[in-house]
There are 2 protein chains.
Amino acid sequence: MKELTEKQISADYKYRGKIINVRLDEALLANGQKAWREVVEHPGGVGIALEDNDGKFFMVRQFRYGQGKETLEFPAGKKEAGEDDLLTAKREIIEETGYEGENWVYLGEMAPTPAYDTERIGMYYATAGKFVGQHFDEDENIVLEKYALDELVEMIMDQKITDAKTIGMTFMVKELKNRR
Amino acid sequence: MKELTEKQISADYKYRGKIINVRLDEALLANGQKAWREVVEHPGGVGIALEDNDGKFFMVRQFRYGQGKETLEFPAGKKEAGEDDLLTAKREIIEETGYEGENWVYLGEMAPTPAYDTERIGMYYATAGKFVGQHFDEDENIVLEKYALDELVEMIMDQKITDAKTIGMTFMVKELKNRR
């Protein structure tokens, strides 16, 4: 088994922001060499594939500033410090869709950009329960839409959906359904 | 159609690094409010699902500093400034596997973290052609492995693969094969 581990030698914070911090670390590589590693620290988040009684999934259309365009994504949200993934998921799904989630299934964890970002996304599949009303964050400006799973697959293959977690989760839910 | 576009008012560079830059922008939201937006600028990259004659896919095991652990991913690499995705893909696949790619199919683009990161990953599916030999970047320390597509799906569902592009691309290649 080849040793691959890289160890932190030093850390220099270059930016401490509201959502992200940025560090420049010196790292000791497995081959004994040293290298610089830029790291974006992010609190992590969750994504939720919420299915209604008709087999349709709630999707959020919103402007994503980092990409400079509108995207269509599964409902998602950032974790509060130290918050459990499932707690975040239960909070965010109400905030964005107005529905409580039921029958929660944990699909696993996704690393969107493992090389330089600490972000991990906890992925969930749930069914829509009681409607209790949406309550958005003040600067959230979103449109809710609903699509069948096969429509989501089509939109992925047609590049109408490009968000990493939404692509992965759509297919993981489909795979899960195929296995049941 | 609800207007969602956010416009840049100002940009303040907080960090200019080797791979990433970080900006704090003030943005004008569609509802007339202003908000701060943290943006990680990244040159973007490519991922390549390279299939050999036996239907096995080349995978790279490496330590990912951002996640602090080993990952198993499709071969991938960063773009040089202004470089065309396909050119990057043809270069990177030789560097990491030693094989030239053939029969290149563009699967589309993925946004790993659309909210705060400009990174886009161009996704390709190709078959292995002539072996011309690997040549790694000096601080790249990787192990090459090969798996069948169904093994990759298993490893995704079992959380042995958590990299976003690898999850998405595995299923997109599978979907593509099902349609042929």
Side-chain angles (χ1 to χ4, degrees), chain A residues 2 4-6 14-15 17-20 22 24-25 27 29-31 33 35-40 42 61-68 70-71 73 108-121 138-139 141-143 153 156-157 159 162-165 167-168 171-172 174-176, chain B residues 2 4-6 14-15 17-20 22 24-25 27 29-31 33 35-40 42 61-68 70-71 73 108-121 138-139 141-143 153 156-157 159 162-165 167-168 171-172 174-176:
Chain A
K2 188 171 177 181
L4 298 168
T5 306
E6 299 179 1
K14 298 296 187 179
Y15 174 64
K18 191 183 161 200
I19 298 170
I20 57 169
V22 178
L24 179 60
D25 283 14
L29 311 190
N31 63 10
Q33 288 186 308
W36 298 103
R37 294 281 183 257
E38 293 172 325
V39 179
V40 176
H42 183 279
R61 186 176 295 281
Q62 65 196 311
F63 191 86
R64 286 302 207 175
Y65 194 83
Q67 292 287 315
E70 279 181 27
T71 62
E73 305 175 26
E109 199 171 78
M110 173 181 282
T113 51
Y116 65 91
D117 198 318
T118 65
E119 182 176 358
R120 299 174 191 213
I121 301 172
E138 60 173 24
D139 63 354
N141 199 17
I142 71 176
V143 176
V153 171
I156 290 167
M157 299 308 281
Q159 282 281 286
T162 58
D163 170 53
K165 70 177 169 304
I167 294 174
F171 285 114
M172 288 176 84
K174 190 178 174 186
E175 181 71 21
L176 199 71
Chain B
K2 188 172 177 181
L4 298 169
T5 306
E6 299 179 2
K14 298 296 187 180
Y15 175 65
K18 191 182 160 200
I19 297 169
I20 57 169
V22 178
L24 179 61
D25 283 14
L29 311 190
N31 63 10
Q33 288 186 309
W36 298 103
R37 294 282 182 255
E38 293 172 324
V39 179
V40 176
H42 183 279
R61 186 176 295 279
Q62 65 196 312
F63 190 85
R64 287 302 208 174
Y65 195 84
Q67 292 287 314
E70 279 181 29
T71 62
E73 305 177 25
E109 198 171 78
M110 173 181 283
T113 51
Y116 66 92
D117 198 318
T118 65
E119 182 176 358
R120 300 175 190 211
I121 301 171
E138 60 173 25
D139 64 352
N141 199 17
I142 71 176
V143 175
V153 171
I156 290 167
M157 299 308 280
Q159 281 281 286
T162 58
D163 171 52
K165 70 177 169 302
I167 295 174
F171 286 114
M172 288 176 84
K174 191 178 173 184
E175 181 71 21
L176 200 71

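Numbers restart at 1 for each chain; the letters A, B, ... are given by sequence-line order, proteins then strands.
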Selection from A:Met157, A:Lys14, A:Lys2, A:Glu38 maximising heavy-atom pairs under 4.5 Å formed with chain B: A:Glu38
Best-contacting candidate, B:Gly66, B:Gly108, B:Gly17, against chain A by heavy atom pairs under 4.5 angstrom: B:Gly66
A:Tyr65 versus chain B, the contacting section by heavy-atom distance below 4.5 Å: both
Interface residue of largest heavy-atom contact number with chain A, from B:Thr118, B:Val39, B:Thr71, B:Val153, under 4.5 Å: B:Thr118
A:Leu24 portion near chain B, given a 4.5 angstrom heavy-atom threshold: side chain
Under 3.5 Å donor-acceptor, A:Gln67 side chain and B:Asp117 backbone: yes
Closest-packed option against chain A by number of heavy-atom pairs under 4.5 Å, given B:Val22, B:Ile156, B:Leu176: B:Val22
Under 3.5 Å donor-acceptor, A:Glu175 side chain and B:Phe171 backbone: no
Validation row: A:Arg64, B:Tyr116 side chains within 4.5 angstrom (heavy atoms): no
CD-CD distance between A:Gln62 and B:Glu6, expressed to the nearest 0.5 angstrom: 9.0 Å
Under 4.5 Å from any heavy atom of chain B - which part of A:Glu119: both
Straight-line distance of A:Thr113 OG1 to B:Ile121 CD1, nearest 0.5 Å: 8.0 Å
Choice from B:Gly168, B:Ala27, B:Pro114, B:Ala164 maximising heavy atom contacts with chain A below 4.5 Å: B:Pro114
Rounded distance [0.5 Å steps], CG in B:Asp163 versus CE in A:Met110: 8.5 Å
Nearest heavy-atom neighbours spanning A:Asn141 and B:Leu4: O-CD2, 3.2 Å
Short side-chain to backbone donor-acceptor contact, B:Glu109 and A:Thr162, under 3.5 Å: no
